[in-house]
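Letters go in sequence order (proteins before strands), and every chain restarts at 1.
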2 protein chains.
Amino acid sequence: MRDTRDKILDASLALFSIKGFLGATTKEIAKKAGVAELTLFRHFSSKERLFEEMIASHSFLPALKGLLPELKDLSYRDALVQIAGGFLNRLSERRDLIKIMHSEIHLYPAKVKEIQQNLVGEIVKTLASYFRGMQEGGLLKEFDPELGARAFLGMFFQYFTNQEFVVEKKQKFENRDAVIREYVNIFVFGTEAGKSNNGSGSTDGVR
Amino acid sequence: MRDTRDKILDASLALFSIKGFLGATTKEIAKKAGVAELTLFRHFSSKERLFEEMIASHSFLPALKGLLPELKDLSYRDALVQIAGGFLNRLSERRDLIKIMHSEIHLYPAKVKEIQQNLVGEIVKTLASYFRGMQEGGLLKEFDPELGARAFLGMFFQYFTNQEFVVEKKQKFENRDAVIREYVNIFVFGTEAGKSNNGSGSTDGVR
DNA sequence: TAAAAATGTAAGTAAGCGCTAACATTAATG
DNA sequence: CATTAATGTTAGCGCTTACTTACATTTTTA
């Protein structure tokens with residue numbers, strides 16, 4: 001069957017993310033996939049190749065890219081809220097892969113870099129080009145667009161990993177939107193006093 | 001001898017960080033420590049206890065705390081530059097431990113949380129209290145101090161892990177100070193146009 | 001329905017792992 | 001110097017692991 005392979009790939013993703021490459025056994029993966037262990041080896045010549053093909057099969061398409069056009073209709077602030085939300089959603093979807101990425105850097109630095117590149121690098125470029133456009137329109141200050149994008153996404157990436165991997169599983173995302181608003185506010189207006197806007201605003205329009 | 005124990009602890013830190021808990025063997029650790037494998041087991045009843053005691057022995061004191069007083073003499077912007085630099089230095093010192101933290105969450109969620117708490121939680125509180133003080137003095141906008149601290153440190157934590165674990169080992173820290181300046185600028189002044197300051201400033205005074 | 005492809009079952013191999021036992025050797029101590 | 005504590009050497013046990021072999025059974029295909 002065609003989907004035997006997929007069942008194995010899915011099971012391996014789940015178990016690798018929970019127990020790591022060395023911690024997950026082929027017997028266990030096969031069991032989780034509802035398949036004989038031998039079948040696993042008939043599809044993938046070794047555990048290592050299973051790992052590689054699993055990674056490759058989950059190597060993802062450029063997302064968040066088609067999102068750029070519709071940002072034109074939003075205020076700068078709301079656009080960032082939108083981007084942050086989309087980014088966090090994307091990270092949630094890929095949480096297993098991100099966990100593996102964190103755990104297995106020492107085993108597969110190249111593969112991991114590739115994931116990181118696909119996962120973050122792409123959206124960094126997208127966001128940077130958005131910033132560049134806004135700067136050319138005189139709507140933003142002068143700052144390095146790529147660095148700015150990394151700073152912005154870095155805040156949220158760090159928030160995500162902290163929530164996913166460190167914080168107790170209770171009340172997850174309870175304060176997600178509040179965090180997004182606060183972070184976006186800081187990014188847009190800064191923190192130093194002596195200017196018009198302040199944080200506890202009501203410029204809503206999203207959510 | 002007293003330092004046999006320490007040699008084992010040091011070797012285990014190095015190897016666990018490179019190969020992970022399962023990937024590092026007791027034989028290898030003993031060899032790296034210049035010690036017989038049996039000696040390792042005479043000091044630590046099991047590999048697991050070695051791991052725990054290694055973590056405990058590297059569980060660190062509150063740093064960056066005594067730094068707060070001298071921040072009074074700096075401008076807001078320079079204070080943040082100082083904090084960011086100190087934070088990045090601290091992360092560099094503890095890079096092995098951070099790597100283990102990333103790799104071994106699934107094995108020791110409790111221990112890892114403890115590290116994260118000691119490593120980031122403490123400095124978050126410190127920075128948050130700094131923000132609170134500045135807000136009471138009317139020098140900063142109103143924003144949640146703890147969230148702000150997390151946003152600020154998150155940018156740099158993400159920058160650090162990206163540099164350490166993803167980027168090629170060349171040109172490390174070549175642009176470190178530039179990144180710090182840019183990030184601090186964004187955090188202080190925001191990115192939206194229509195205000196006095198702009199990014200490519202010259203408010204130097206640090207470095 | 002017959003041939004071929006995919007999967008299952010069961011048993012096992014070779015290697016590596018954490019860890020222990022027995023005894024010899026060195027270093028610290030009084 | 002004699003005693004004790006710490007370390008080294010070697011061999012090995014029991015277990016798990018990735019992976020294989022041989023053969024039976026099911027599923028797909030033509």
Side-chain angles (χ1 to χ4, degrees), chain A residues 1-58 96 99-100 103-108 110-112, chain B residues 1-58 96 99-100 103-108 110-112:
Chain A
M1 296 186 183
R2 174 94 234 109
D3 54 6
T4 294
R5 199 188 151 87
D6 292 343
K7 287 193 302 185
I8 296 172
L9 286 173
D10 287 351
S12 78
L13 170 64
L15 283 175
F16 282 144
S17 86
I18 292 173
K19 308 197 164 189
F21 177 77
L22 292 172
T25 70
T26 52
K27 178 188 291 183
E28 205 179 6
I29 293 170
K31 185 179 175 185
K32 175 145 202 163
V35 153
E37 190 180 2
L38 176 54
T39 300
L40 184 155
F41 283 104
R42 283 196 269 237
H43 281 271
F44 308 94
S45 58
S46 70
K47 185 184 179 182
E48 199 152 330
R49 285 208 48 84
L50 167 59
F51 183 82
E52 290 171 5
E53 297 206 30
M54 182 274 282
I55 295 287
S57 80
H58 286 86
D96 285 349
K99 207 162 181 176
I100 292 176
S103 304
E104 248 53 75
I105 322 179
H106 43 83
L107 270 186
Y108 287 83
K111 283 284 165 206
V112 163
Chain B
M1 294 188 186
R2 174 95 233 108
D3 55 6
T4 294
R5 197 188 152 88
D6 292 345
K7 286 193 303 187
I8 297 172
L9 287 173
D10 287 352
S12 77
L13 170 63
L15 283 175
F16 282 143
S17 87
I18 293 173
K19 309 200 163 187
F21 177 77
L22 291 172
T25 69
T26 52
K27 180 188 289 184
E28 206 179 5
I29 294 171
K31 185 179 175 186
K32 175 146 203 165
V35 153
E37 190 181 3
L38 177 53
T39 299
L40 184 155
F41 283 104
R42 284 197 267 237
H43 280 271
F44 309 93
S45 58
S46 72
K47 185 185 181 183
E48 201 151 330
R49 285 210 46 86
L50 166 60
F51 183 82
E52 290 171 5
E53 297 206 29
M54 181 275 282
I55 295 288
S57 81
H58 286 85
D96 286 350
K99 208 161 180 177
I100 292 176
S103 304
E104 247 52 74
I105 322 179
H106 42 82
L107 270 187
Y108 287 83
K111 283 286 165 204
V112 163

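Whole-Å rounding puts the B:Lys31 NZ to C:dG18 P distance at 15 Å. Rounded to whole angstrom, the span from the CG atom of B:Asp3 across to the P atom of D:dA6 amounts to 13 Å. In this entry the distance linking CG of A:Leu40 with P of D:dA18 reads 10 Å, nearest Å. Note: CD (B:Glu48) to C1' (C:dC19) measures 14 Å, nearest angstrom. A:Phe41 has its CZ atom 17 Å from the P atom of C:dT13, to the nearest Å. We find that CZ of A:Arg49 is positioned 17 Å from P of D:dA18, with the value rounded to whole Å.
Each end of the helix from C:dT1-D:dA30 to C:dG30-D:dC1 yields a helix axis from five base pairs, and these two axes differ in direction by 30° (to the nearest 10 degrees).
The list of salt bridge (charged side-chain N to carboxylate O under 4.0 Å, His left out) pairs with a residue in residues 8-17 of chain A, not counting sequence neighbours, is empty.
Partners of B:Ser46 by side-chain contact (heavy atoms from CB on, under 4.5 Å), not counting sequence neighbours, listed by chain and number: B:Glu48, B:Arg49. B:Arg42 meets the side-chain contact (heavy atoms from CB on, under 4.5 Å) test with B:Leu38, B:Thr39; sequence neighbours excluded. Annotation: side-chain contact (heavy atoms from CB on, under 4.5 Å) contacts of A:Lys31 (sequence neighbours excluded): none. Checked against ring-ring contact (aromatic ring centres under 6.0 Å, His included), B:Phe21 has the following partners two or more places apart in sequence or in another chain: B:Phe16, B:Phe51.
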Which atom pairs link the protein and nucleotides 8-11 of chain C when you take only N or O atoms and keep those under 3.5 Å?
unit_1, atom_1, unit_2, atom_2, d
C:dG8, OP2, A:Ala36, N, 2.9
C:dG8, OP2, A:Thr39, OG1, 2.5
C:dG8, N7, A:Arg42, NH2, 2.6
C:dG8, O6, A:Arg42, NH1, 3.3
C:dG8, O6, A:Arg42, NH2, 3.4

If you look only at distance, which donor and acceptor atoms sit under 3.5 Å apart when one is on a side chain in residues 23-30 of chain A and the other is two or more places apart or in another chain?
unit_1, atom_1, unit_2, atom_2, d
A:Thr25, OG1, A:Glu28, N, 3.1
A:Thr26, OG1, A:Glu37, OE2, 2.7
A:Glu28, OE2, A:Lys19, NZ, 2.7

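Near-neighbour residues of DNA chain D inside residues 7-29 of chain A, defined by a heavy atom below 4.0 Å, number-ordered: A:Ala24, A:Thr25, A:Thr26.
Across all their heavy atoms, B:His43 and B:Ile8 have their closest contact at CD2-CD1, 4.3 Å. Nearest heavy-atom pair, B:Ala14 versus B:Ser17, reported as atom, atom and distance to 0.1 Å: O-OG, 3.0 Å. Residue B:Glu53 comes nearest to B:Leu9 through the heavy atom pair C-CD2, 4.2 Å, listed as atom of the first residue, atom of the second, then distance.
In this structure, the side chains of A:Met54 and A:Ile100 come closer than 4.5 Å at one or more pairs of heavy atoms. Side-chain contact between A:Leu13 and A:Ile55 is absent, with no heavy-atom pair separated by less than 4.5 Å.
Listed pair A:His43 / C:dT7 meets the phosphate criterion, a side-chain N or O lying under 4.0 Å from OP1 or OP2.
Considering only side-chain atoms of A:Thr4, the nucleotide from C:dG18, D:dT7, C:dT7 that sits closest is C:dT7.
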